[in-house]
Amino acid sequence: MIEWVAGLAAWELLALEPPGWGGVLLKGLAVSLQVAVGGYVLGFLIGIGGAAGKLYGGPILRDILDVYTTLVRAVPELVLILLLYYAGTDALNQFMALIGAEPMDISGLAAGIFVIGVVQGAYQTEVLRGAFKAVPHGQIEAARAYGMTSFQVLRRITLPGMLPHAVPGLANLWLIATKDTALLAVVGVAELTLVTRQAGGTTKSYFLFFFAAGLLYLMVTLISNVGIRRIERYARRGMPAVR
Amino acid sequence: MGPELRSWKEPHRLVLLAIGVGIIIFAAVYMRWDWLPRYSGRLVEGVGTTLWLLFLTSALGFLFAVPLGLAQAAGPVWLSAPARMFCTVIRGTPLLLQLWLLYYGLGSLFAFWPEIRQSWAWPYLRSAWPYGVLALTMSFAAYEGEVMRGAFAGVPKGELEAGRAYGMSPFTVFRRIWLPRAIHRALPTLAGETVLQLKATPLVATITVVDVYAIISRVRQDTYLTYEPLLLLALIYMMLTGVLVLAFRWLEARVPVKG
């Protein structure tokens, strides 16, 4: 029983300097956050394009986007990550060979951002499309009747109108992005979960390190929640309060 | 005009369909599938394991989600605060991390505890199954707990008061009115959460539970193939997702209480 507690309480292993592993964990957290932010932004760009394509594109574009969002959302993230990670790097190297260049060594960070971005893009497409559609059509027609240009309609009516509908879904997807980065441990990207396991494997204090990593992830979530609440309040300003 | 109104017989869809069929024929001819017969039996077993895991953890998770949701929606503070904290912590950390914390972390701590080492539970505590089931159940319960909180809170108070006025005991009101109405409200979201749960199950393969994902990983190690096994795996999960969505649609149409 005493050893049982001692396994938990070897706190000096979390020191930031090299005998401890705290610095390694924080570096892993930095990688995780970079992948999450990069993947989320890439997913947002794909999402805007996808939503615009689904709403205003021709029938062919719409069908292709339907296939993309349906496939990505029906397959587990872990499987997608393996497929995109290996297929993506392989395709890039084949392309490099095709144009006669040296095969590239793709960093795990870039590949991770690409993978998370493609997955996020499918979900963000749906969120943004729903938010666009939630803006009442009469408001857009009224703006047009006032003689606004389509850019003015977008800036003054559509974007502020869709924001309160988009923010909750986008906020959820941000939290999912921060946690999906953990799956990159399976393909060997040195993000927080993988370095935690390595720290545990070296010192045999698995519980301590996974517990510490869990606290780090939880901190990211809680800080995000504070920011999300602020953004939500900003997006909903001037609207009736809904509880 | 929404996409659901358009038929697949439109010319561009026929072209897309032809391209799709072409890709499938290309994949069948030019990719290597000779490993498939050798592994088909184990793949079927793996799918069985995945489905059993899904069924077990979503059933158990739902059982825990009801009290979690009820505590948060209507419980006293000493019940609602820990319930809310459980949901926040589980939803705020990655499932993979929880899984590894339980399997490597808790599992390694148990080894230090002689009483447990000598007890009947030790063989079970050394295998991966209990940890996988526990982690998936907790995760499902936390996400569903939030759903049920909203569903419980959304049932109109008047219906519950009407039940009391008919002379039902609080438990009868809960069993006959509150719970069925909440489940009916929550069912579409529950369907979505169950699909997410299906997509979370392959994570247990990382702690040596042999599900369909683990079998495919085995194929990849044995044959050095990358795309073929993973494509097949994606196809299997797509089919399972489709079946699950259809099953829930059937269930939604058949739930006794109408909204």
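Chain letters run A, B, ... following the sequence lines, proteins first, then strands; residues in each count from 1. Side-chain atoms are counted along with the backbone in the values below, which use heavy atoms only and exclude waters and symmetry mates. Just so we're clear, the structure is a prediction, and the values are computed from it rather than from any experiment.
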Are any of the side-chain heavy atoms of [X] and [Y] separated by less than 4.5 Å?
X: A/Y86; Y: B/R220; value: yes
X: B/T241; Y: A/V75; value: no
X: A/D63; Y: B/H12; value: yes
X: B/L106; Y: A/F210; value: no
X: A/I60; Y: B/V15; value: no

| query | By a 4.5 Å heavy-atom criterion (distance strictly below it), what part of B/T201 contacts chain A: side chain, backbone, both, or neither? | reply |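 For B/T201, no heavy atom lies under 4.5 Å from chain A.
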| task | Check whether B/L203 gets within reach of chain A through its side chain, its backbone, both or neither, counting any heavy atom under 4.5 Å. | result |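 It is both, since atoms from each part get that close.
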| said: Out of A/A182, A/G214, A/A87, return the one with the most heavy atom pairs under 4.5 angstrom to chain B. | reply: A/A87
Given a strict heavy-atom distance threshold of 4.5 Å, which part of [X] is in contact with chain B: side chain, backbone, both, or neither?
X: A/D90; value: both
X: A/L175; value: neither
X: A/L192; value: neither

| task | Considering only heavy atoms and a distance below 4.5 Å, find which of B/G92, B/A153, B/A205, B/G20 pairs most often with chain A. | result |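 Of the candidates given, the most pairs with chain A belong to B/G92.
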| remark: With chain A, the option among B/L244, B/L233, B/L231, B/L97 that has the most non-hydrogen atom pairs under 4.5 Å is B/L97
First locate atom [atom1] of [X], then atom [atom2] of [Y], and finally report the distance between them rounded to the nearest 0.5 Å.
X: B/T93; Y: A/L215; atom1: OG1; atom2: CG; value: 9.5 Å
X: B/L96; Y: A/L78; atom1: CG; atom2: CG; value: 8.0 Å
X: A/T193; Y: B/L95; atom1: OG1; atom2: CG; value: 10.5 Å
X: B/L101; Y: A/F207; atom1: CG; atom2: CZ; value: 5.0 Å
X: B/T226; Y: A/L83; atom1: OG1; atom2: CG; value: 9.5 Å
X: B/K199; Y: A/L80; atom1: NZ; atom2: CG; value: 7.5 Å

